[in-house]
Number of protein chains: 2
Amino acid sequence: MEFKHQPTVTLAEVAEAAGVGESTVSRVLRNHGSFSGKTRERVMAAVERLGYVPNRIAGTLASTGSRLVAFVIPSLSNIVFPDVLRGASAVLEENRYQAVFSVTDYDPGKEEALAAAMLAWRPAAVMLAGCEHTEGTVKMLRASGCRIVELLDLDGDALDIAVGFSNRAAGRESAAFLLKQGYRRIGYVGHDLNRDTRAGKRFSSFCETLDAHDTQLVAREILAGASSVENGRLGLERLLARTADLDAVYFSNDDMALGGYFHCLAEGIAIPSKLAIFGYNGLDIGRATPQPLSTIRTPRVATGQIAAQLIVANAPPQAVDLGFELIEGATA
Amino acid sequence: MEFKHQPTVTLAEVAEAAGVGESTVSRVLRNHGSFSGKTRERVMAAVERLGYVPNRIAGTLASTGSRLVAFVIPSLSNIVFPDVLRGASAVLEENRYQAVFSVTDYDPGKEEALAAAMLAWRPAAVMLAGCEHTEGTVKMLRASGCRIVELLDLDGDALDIAVGFSNRAAGRESAAFLLKQGYRRIGYVGHDLNRDTRAGKRFSSFCETLDAHDTQLVAREILAGASSVENGRLGLERLLARTADLDAVYFSNDDMALGGYFHCLAEGIAIPSKLAIFGYNGLDIGRATPQPLSTIRTPRVATGQIAAQLIVANAPPQAVDLGFELIEGATA
DNA sequence: CGGCAAATTGGTAGCGCTGCCAAAAAAACC
DNA sequence: GGTTTTTTTGGCAGCGCTACCAATTTGCCG
């Protein structure tokens, strides 16, 4: 059951049909170089008549530099990454760039393999999440000569371009906020931090900030696997079973926090008087719950947009800090 | 600030370094055709030493048929599509295919333009949402000779391959369920149905089924813009302001339904005794709310997986019905 | 109307790889 | 040892397009 491509119309056939040279057709189609209005019309007519679709594979091979942008992202389940893609894709489409992607599942080894596979397409840029990569990945990317964009994490040395914000700062501000609100018996519910290094950074900064104010994290519950509402709910349940007298819980992100929030609703635990909840990401859904979730809103779509703009503009290496916004909400 | 590609290692250089012919290197690298173990080692050593990364652009151009799969999806905000991509991407990666995508924003005109742009990459397949497309899109896709996969909607004629389920059946079963539960004063809260034709189909089948049981939809509230939790909340609030004596509300999807659910929680409206809520999609979050959401679970990830498998296997044209599952939950 | 600059055009050599074919080497056979 | 097979190999013509350059046409001036 082999699939065969139908014979395709080529630029040469269009040239023939229009009675002009190949290079002329190429110029007209790319609107590059000079040609008369008359020629243009004849070419476009032939294109229309034959139903010609330019072959970008051939075009890319012949020219220097492609218009592909490769995304190597950890996950598609975590809305963070679709959000980034969304921002980037809008900008890229406007500029006739094409996005290609693959998903690492938070596995650095897989990231390396997928990045290698991506480089085979000779993209204009490779966009990766965070700034922790294997040595092999870094070496390969450096050697490729294509632009590298690291997204969503500014706590580290950028290879080329970095766009995002500081996760450490986010952890710090979260802790500072909870302390300011008077909470002292604070717990943590998180997901697999070895894989999600950005959540790990937030957590360690969070703890350091508590320390700096002579407060210790009272208890923590780390769940295996990815973040999810279900895991958040389960995590808080377990945490409270072990340590009942907490007054606030910091979650690894909003998904987890919403799970915790639902647990409290279900169990009749008063929020925030009996227990405060704080998340991370500022998902829209957290603004529509009966009590708006206290969290940190991150510029995910903007991260994608800016990253794409810098690539389109071929900007010099730089780190762009888009910051984040603490939302007081009503759960803390 | 023009960016220049660094000189890249080519297959010819590897051949030279390994002291073999170009075609031999090509055979070894693709593990295709015959070559001795000794040759293999020498080639691999040269590849390693020079840090050679094959150029898939050139490879694709030279060979027939590419390993690109193009996704033209309506949105990345609606988790449905990232879910489909997730399922597909896992299968494609295993088979050394590469996914490329673009986002139409539910705009058929944009779909046509983006599909055209995609075809320029000569993909092995184009995957689209639903089975409603402009005439131009259909004509172009047909002429391209590449495989076409229509996802998530089986209520229509498939161009080539279709994978998903019937949205009409989903609407029908939703109505039947609510009727069976004894609800008679039923309302609807939805988002822009002209753009999201699948939601439109569910809604019209829902109404038809009510009709068939001598029940009329009592009230409806359609919000402009995309579906969101916020809009669901707002929609239900408006609906109830106009029509207070409803006993159940059908939402265009789970995002909207969750918004409605939150509204009830906030307003102290007892669920389901005072008001029942029914959604669509079966999002994980709906299973973690204090009361599990009554909804229909759709096989989104599986849709992506199966679609990708069919393409990888070059399966003949067919429609694959993956069905869906009605989750009784506790809100209806 | 000649003469020169500017605007248009066409020819063609690659881009880096694969696929085909024939040549060479190795293995098998009588 | 001489063939006949079989396995390995290398050469090279494209894939469809762009970039460069040279040729041609057009426009403009005195």
Side-chain angles (χ1 to χ4, degrees), chain A residues 2 4-43 46-47 50-68 96 119-123 144-145, chain B residues 2 4-43 46-47 50-68 96 119-123 144-145:
Chain A
E2 246 329 277
K4 288 287 165 232
H5 273 276
Q6 320 194 168
T8 344
V9 183
T10 66
L11 181 143
E13 297 176 76
V14 174
E16 165 103 272
V20 300
E22 293 185 35
S23 30
T24 303
V25 176
S26 177
R27 270 179 303 236
V28 170
L29 257 32
R30 284 177 301 147
N31 195 33
H32 177 283
S34 65
F35 44 84
S36 69
K38 208 180 312 169
T39 309
R40 194 196 130 81
E41 275 170 33
R42 285 206 302 177
V43 169
V47 164
L50 301 179
Y52 171 67
V53 177
N55 185 331
R56 290 261 245 159
I57 297 279
T60 303
L61 180 61
S63 64
T64 56
S66 81
R67 278 178 178 266
L68 282 173
R96 307 194 319 121
L119 288 178
W121 291 101
R122 299 291 188 273
S144 77
Chain B
E2 244 331 275
K4 288 285 166 233
H5 273 279
Q6 323 196 165
T8 345
V9 183
T10 68
L11 183 142
E13 297 176 79
V14 174
E16 164 104 271
V20 299
E22 293 184 34
S23 29
T24 302
V25 176
S26 177
R27 271 179 302 238
V28 171
L29 256 32
R30 285 177 301 148
N31 196 34
H32 177 283
S34 63
F35 45 82
S36 68
K38 210 178 312 168
T39 312
R40 194 195 130 81
E41 276 170 32
R42 284 204 303 175
V43 169
V47 165
L50 302 179
Y52 172 66
V53 177
N55 184 332
R56 292 261 244 160
I57 297 279
T60 303
L61 179 61
S63 64
T64 56
S66 82
R67 278 177 178 266
L68 282 173
R96 308 193 319 122
L119 288 178
W121 291 101
R122 299 293 187 273
S144 76

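A, B, ... follow the sequence lines: proteins, then strands. Residue 1 opens every chain.
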message: Could you measure the distance from the CD1 atom of Ile57(A) to the CG atom of Leu68(A)? Nearest 0.5 Å is fine.
response: 7.5 Å
query: Can you name the residues that form a side-chain hydrogen bond (donor to acceptor under 3.5 Å, both in side chains) with Thr24(A), not counting sequence neighbours?
result: Arg27(A)
- request: Return yes if some donor-acceptor pair links the side-chain N/O of Thr60(B) with the main-chain N/O of Ser66(B) below 3.5 Å, else return no.
  value: no
field: Between dT9(D) (C1') and Lys38(B) (NZ): distance, integer Å
entry: 13 Å
- request: Kindly indicate whether the side chain of Val53(A), heavy atoms from C-beta on, has any atom under 4.5 Å from the side chain of Arg122(B).
  value: yes
message: Could you check whether any side-chain N or O of Glu41(B) sits under 3.5 Å from a backbone N or O of Lys38(B), counting only pairs where one atom can act as donor and the other as acceptor?
response: no
Letter per nucleotide, 5' to 3', of nucleotides 5-17 of chain C [B base touched, S only sugar-phosphate touched, - untouched; heavy atoms, 4.0 Å]: ---BBBB--BBBB
